[in-house]
Peer 1: 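Here it is, the structure, as structure tokens.
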Amino acid sequence: MKRILITGGAGFIGSHLCEKLLNEGNEVLCLDNFFTGSKKNIIHLIGNPYFELVRHDVIAPFFAEVDEIYNLACPASPIHYQYNPIKTVKTSVMGAINMLGLAKRVKATVLQASTSEVYGDPKIHPQPESYWGNVNPIGIRSCYDEGKRCAETLFMDYHVQNKVKIKIIRIFNTYGPRMNPNDGRVVSNFIVQALKNEDFTIYGDGAQTRSFQYVDDLLEGMTLMMRSHEDFIGPVNIGNPGEFTIRELADKVIVLTGSSSKIIHLPLPADDPLQRKPDISLARKELNWEPKVALDEGLLKTIEYFRTIVK
Ligand code: NAD
Ligand code: UDP
């Protein structure tokens, strides 16, 4: 049994991770400020004697005796991370410093939930970890992209300078049950619009691509990374190489829900990446990991969840 701290544990991914690590027989300490996360996501875990929930903002230091730290605290959808961009940078940068300081003090291994956004609007396709990215440092996505890039820098520097045991994963677009229906991400938007028979909002012409990973595949990759050999620190891409245009995604959701929604086009937000697809050779080699859930299968499970919450 390990004592595991999960920051952002009440969010979409964090709540699934709390559940998985508890089921595997660990003690879980879930820390969250409930900015985008919700007690509803973890309410079924409250009462489990091996689960603790702490309302805390990672911008402030936190101390606890733990063996592992998963650092997930950070709003992940553009509307939420752009709501207070200064706070987003603080969360990524100061949150990383505080969790690295804690890991150093208690000799824990700390894993950073980084992102494919470190590649920005990529000029290399698909994206290997060796690609340095094409990120606008002063645009509307910069608070998130550059905050996450700086967190990676801090992780590497604490590792080199202070011998902190670190792991960095770069997560590509992930979807599944417990996504916040109001957070504006494309999968949740389309499913909610389909279930309400409202117009699908495609930004731009819908030719931009994303690679969508089901949450269970991510959790598998994330926990394998945490348990991997101490010398393998990443960064490593964790994503599904299946690449789809946003238009293709819309068509799939319409078919799978049987919706009568129509498609409308809205302006493409600034700096919206044109294409994105992970090169997962490194994860295959070092973690013996690859995603298993195809898009249609994952969408069906996600639609099933949204049917229970969309009235
Ligand atoms: P989410 O918004 O559902 O979860 C983030 C959680 O962090 C929420 O519970 C939120 O309340 C909490 N939080 C935010 N700021 C905080 C702060 N200052 N102190 C404490 N808690 C704070 O998003 P998610 O999709 O579950 O993402 C989790 C992590 O994975 C994030 O770090 C995100 O950047 C990363 N990630 C997600 C994706 C994706 O597609 N979902 C892709 C790449 C990276
Ligand atoms: N998008 C869209 N309609 C929506 C929400 C998003 O066309 O209602 C587009 C968005 O412009 C982007 C893609 O879908 O090109 C993925 O958006 P999301 O916010 O889910 O993730 P990110 O852009 O951070 O990868």
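Whatever order the structure lists ligands and atoms in, that order sets their numbers, starting from 1.
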Peer 1: Can you check whether Val186 has an N/O within less than 3.5 Å of an N/O in ligand 2?
Peer 2: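 Yes.
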Peer 1: Can you tell me the protein heavy atom closest to atom 13 (C) of ligand 2 and the distance?
Peer 2: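 Residue, atom and distance for the closest contact: Ile246 CD1, 3.7 Å.
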Peer 1: Minimum distance, heavy atoms only, to atom 21 (O) of ligand 2: which one of Thr174, Asn173, Asp205, Leu268 is it?
Peer 2: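 Considering heavy atoms of Thr174, Asn173, Asp205, Leu268, the nearest to atom 21 (O) of ligand 2 sits in Asn173.
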Peer 1: For atom 22 (P) of ligand 2, grab the closest protein heavy atom and report residue, atom and distance to one decimal in Å.
Peer 2: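 Scanning the protein heavy atoms, the shortest distance from atom 22 (P) of ligand 2 goes to Arg141 NH2, 3.5 Å.
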Peer 1: Is it true that Thr7 lies under 4.0 Å from ligand 1, counting heavy atoms only?
Peer 2: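 So Thr7 does not count as touching ligand 1.
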Peer 1: Judged by non-hydrogen atoms, does Ser15 sit under 4.0 Å from ligand 1?
Peer 2: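 No.
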Peer 1: Does Ile59 have a heavy atom less than 4.0 Å from any atom of ligand 1?
Peer 2: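 Under 4.0 Å: no for Ile59.
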Peer 1: Can Asn180 be said to touch ligand 1, with heavy atoms closer than 4.0 Å?
Peer 2: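 Asn180: no contact with ligand 1 (<4.0 Å).
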Peer 1: Using heavy-atom distances only, which candidate in Asp272, Thr201, Leu274 approaches atom 12 (C) of ligand 2 most closely?
Peer 2: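 The nearest heavy atom belongs to Asp272.
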Peer 1: Parallel under 30°, tilted from 30 to 60°, perpendicular over 60°: which one fits the rings of Tyr81 and Tyr144?
Peer 2: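 Geometry flag for Tyr144 against Tyr81: parallel rings.
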Peer 1: Which bit of Pro273 gets closer than 4.0 Å to ligand 2, counting heavy atoms only: side chain, backbone, both or neither?
Peer 2: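 No part of Pro273 comes within reach of ligand 2.
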Peer 1: When the ring planes of Tyr175 and Tyr214 are compared, do they come out parallel, tilted or perpendicular, using 30° and 60° as the limits?
Peer 2: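 Tyr175 and Tyr214: perpendicular rings.
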Peer 1: Check whether any heavy atom of Tyr144 sits under 4.0 Å from an atom of ligand 1.
Peer 2: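 Yes, Tyr144 has a heavy atom closer than 4.0 Å to ligand 1.
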Peer 1: Is it the side chain, the backbone, both or neither of Arg185 that has a heavy atom closer than 4.0 Å to ligand 2?
Peer 2: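 For Arg185, the contact with ligand 2 is made by both the backbone and the side chain.
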Peer 1: Within 45 degrees of the ring normal and closer than 6.0 Å to the centroid, is that where the cationic atom of Lys39 sits relative to Phe34?
Peer 2: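 Yes; both conditions hold, so Lys39 lies above the ring face of Phe34.
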Peer 1: Quick one: does Gln213 get within less than 4.0 Å of ligand 1, heavy atoms only?
Peer 2: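 No; Gln213 lies far enough from ligand 1 that no heavy-atom distance drops under 4.0 Å.
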Peer 1: Counting non-hydrogen protein atoms only, what is the nearest one to atom 7 (O) of ligand 2? Give residue, atom name and distance.
Peer 2: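 Answer, as residue, atom name and distance: Tyr203 N, 2.8 Å.
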Peer 1: By number and element, which atoms of ligand 2 are closer than 4.0 Å to a non-hydrogen atom of Gly184?
Peer 2: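 So the atoms of ligand 2 that pass are 5 (C).
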